[in-house]
There are 2 protein chains.
Amino acid sequence: MAVSDVTAMFKALGDPTRQAIFEFLCERCCPVAVEETGEVHQVQGVTVGEVCCHVTGSDKFSSTVSFHIKELRLAGLINAEKNGKFMICSVRREAVDAMLAYLSALPKSDSSLCN
Amino acid sequence: MAVSDVTAMFKALGDPTRQAIFEFLCERCCPVAVEETGEVHQVQGVTVGEVCCHVTGSDKFSSTVSFHIKELRLAGLINAEKNGKFMICSVRREAVDAMLAYLSALPKSDSSLCN
DNA sequence: ACAACGTATCGAGATATTTCGATATAATAT
DNA sequence: ATATTATATCGAAATATCTCGATACGTTGT
């Protein structure tokens, strides 16, 4: 994952609404199942409606939340796949790992010579 | 460090110019010295002029870079202290640690029960 | 076929961010 | 005292982001 990708992730997470959505998805996303074929897929996720409900407190669809979900997806922080008439959202763990790796790799004060 | 602080840090780091400034400071910031008194202070840092030079490629002061340095400081990512006619900038390691802690503490898919 | 549902997208207004030049200020050098 | 240097701040233009209502679209139920 390139540095520019991490920039987009930080930018996306830098909005309170999106951060709330992302944390909600982190809490709600469930284990993955491994088929006999070895294929791994998401067992469960959260619908856009559930996210709207959690974020706005109302049970009505919110185009604003939909907008933020799209931003999170474009930044690579979440996945969203259609299931019937629902969109199921889930966290991309690689994204979290990429941000952790980026921050961990920043030169530390005592790891480099001083001029 | 509160969650909202981390949000501001992510937002600040989500801009390419500020990320470049931050990385530059990470590379350049040097060890701290501990006085006999036990007081710890920054031995060295980087002047605003050096940051401008690195970011813009020119040796002229840039009010844009100055603006971004201020944003980084307000987000808690860097320190800036005056030394004579220079402003010395340095990274706040606690900020990096706070972001790492936040990301590390996000619930993992296999750490929570599934509904 | 039609209605209801879940979600996306569009358009517009409100607000925030970014950039840059001009001016201001404080510290140093002459 | 005056000039120079390093930096900050202001103002304005350009651009981006956020929010919300309206409309559109695909899916499901009747």
Side-chain angles (χ1 to χ4, degrees), chain A residues 4 7-25 28-29 42 44-90, chain B residues 4 7-25 28-29 42 44-90:
Chain A
S4 63
T7 314
M9 291 176 196
F10 286 145
K11 184 176 182 184
L13 264 193
D15 176 272
T17 303
R18 286 193 291 263
Q19 194 185 5
I21 294 172
F22 190 71
E23 288 179 8
F24 180 62
L25 291 180
R28 291 298 192 81
C29 280
Q42 199 75 30
Q44 292 191 46
V46 181
T47 68
V48 171
E50 287 173 308
V51 176
C52 290
C53 179
H54 178 259
V55 170
T56 69
S58 150
D59 60 348
K60 274 181 290 197
F61 171 79
S62 156
S63 63
T64 296
V65 171
S66 179
F67 164 76
H68 286 303
I69 287 177
K70 185 180 184 181
E71 293 291 307
L72 287 169
R73 187 166 49 77
L74 292 178
L77 285 170
I78 69 174
N79 283 127
E81 56 182 279
K82 208 164 187 176
N83 187 347
K85 60 179 172 179
F86 299 96
M87 278 292 291
I88 307 297
C89 306
S90 56
Chain B
S4 64
T7 314
M9 291 175 196
F10 286 145
K11 183 176 183 182
L13 263 194
D15 175 90
T17 304
R18 286 193 292 262
Q19 194 185 5
I21 294 172
F22 190 72
E23 288 179 8
F24 180 63
L25 291 180
R28 290 297 192 81
C29 280
Q42 197 75 30
Q44 292 190 46
V46 181
T47 67
V48 171
E50 287 173 307
V51 176
C52 290
C53 179
H54 178 260
V55 170
T56 69
S58 149
D59 60 348
K60 274 181 290 196
F61 171 79
S62 157
S63 65
T64 295
V65 171
S66 179
F67 164 76
H68 285 304
I69 287 177
K70 186 181 184 180
E71 293 291 305
L72 287 169
R73 187 166 50 76
L74 292 178
L77 284 170
I78 69 174
N79 283 127
E81 57 182 278
K82 207 163 190 177
N83 187 345
K85 60 178 172 178
F86 299 96
M87 277 291 291
I88 307 296
C89 306
S90 55

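Note that the structure is predicted; figures quoted are calculated from it, not measured. Just so we're on the same page: letters track the sequence lines, and every chain starts at 1. Atom set for the values below is all heavy atoms of this structure, side chains included, hydrogens, waters and symmetry mates excluded.
Atom pair Glu81(A):CD and dT7(C):C1' shows a separation of 15 Å (rounding to whole Å applied). One can place CD of Glu71(B) at 13 Å from C1' of dT19(C), the figure rounded to the nearest angstrom. In this structure, Met87(B) atom CE and dT5(D) atom C1' are separated by 16 Å, rounded to whole Å. Rounding to whole angstrom units, CZ of residue Arg73(A) and P of dT9(C) are separated by 7 Å. When rounded to the nearest whole Å, the span between CZ of Phe67(A) and P of dG11(C) equals 15 Å. Computed from coordinates, the Ile78(B) CD1 to dT7(D) P distance equals 13 Å when rounded to whole Å. Atom-to-atom, CG of Leu13(A) to P of dT17(D) comes out at 16 Å; the value is rounded to the nearest Å. Atom-to-atom, CG of Asn83(B) to C1' of dA26(C) comes out at 14 Å; the value is rounded to the nearest Å.
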Let me have the donor-acceptor pairs involving side chains of residues 64-78 of chain A, under 3.5 Å, with sequence neighbours excluded, atom names and distances please.
unit_1, atom_1, unit_2, atom_2, d
His68(A), ND1, Arg18(A), NH1, 3.1

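In this structure the side chain of Ile88(A) reaches within 4.5 angstrom of the side chain of Thr47(A), judged on heavy atoms. In this structure the side chain of Leu13(B) reaches within 4.5 angstrom of the side chain of Phe22(B), judged on heavy atoms. Contact of the Val55(B) side chain with the Phe24(B) side chain is not registered, since no non-hydrogen atoms from C-beta on lie closer than 4.5 Å.
Phe61(B) comes within contact range of at least one nucleobase, with a heavy-atom separation under 4.0 Å. Residue contacts for Lys11(A): at a heavy-atom cut-off of 4.0 Å it reaches the sugar-phosphate backbone alone, with no base atom in range. Counting non-hydrogen atoms under 4.0 angstrom, Thr47(B) reaches the backbone sugars and phosphates but no base.
Ranked by how close their nearest DNA chain D nucleotide is to the 5' end, Lys70(B) and Arg18(A) are led by Lys70(B).
Comparing atom distances between the Phe86(A) side chain and each of dT7(C), dT19(C), dA26(C) picks out dT7(C) as nearest. Distances were taken from every side-chain heavy atom of Lys85(A) (C-beta onward) to each of dA8(D), dT9(D), dT28(D); the shortest belongs to dT28(D). Set against dG6(C), dT19(D), dG21(C), the side chain of Ser63(B) has dG21(C) as its closest nucleotide. Closest approach to the Lys82(A) side chain among dT18(C), dT27(D), dA8(C) is made by dT27(D) (side chain taken as heavy atoms from C-beta onward). Of the candidates dT19(D), dA8(C), dA8(D), dA8(C) carries the atom nearest the Ser66(A) side chain, counting heavy atoms from C-beta on. In the set dT19(C), dT9(C), dA26(C), the nucleotide with an atom closest to the side chain of Thr64(B) is dT19(C).
OP1 or OP2 of dT19(C) has at least one side-chain nitrogen or oxygen of His68(B) nearer than 4.0 Å.
Scanning all heavy atoms of the two residues, the minimum distance from Thr7(A) to Pro16(B) falls at CG2-N, 4.0 Å.
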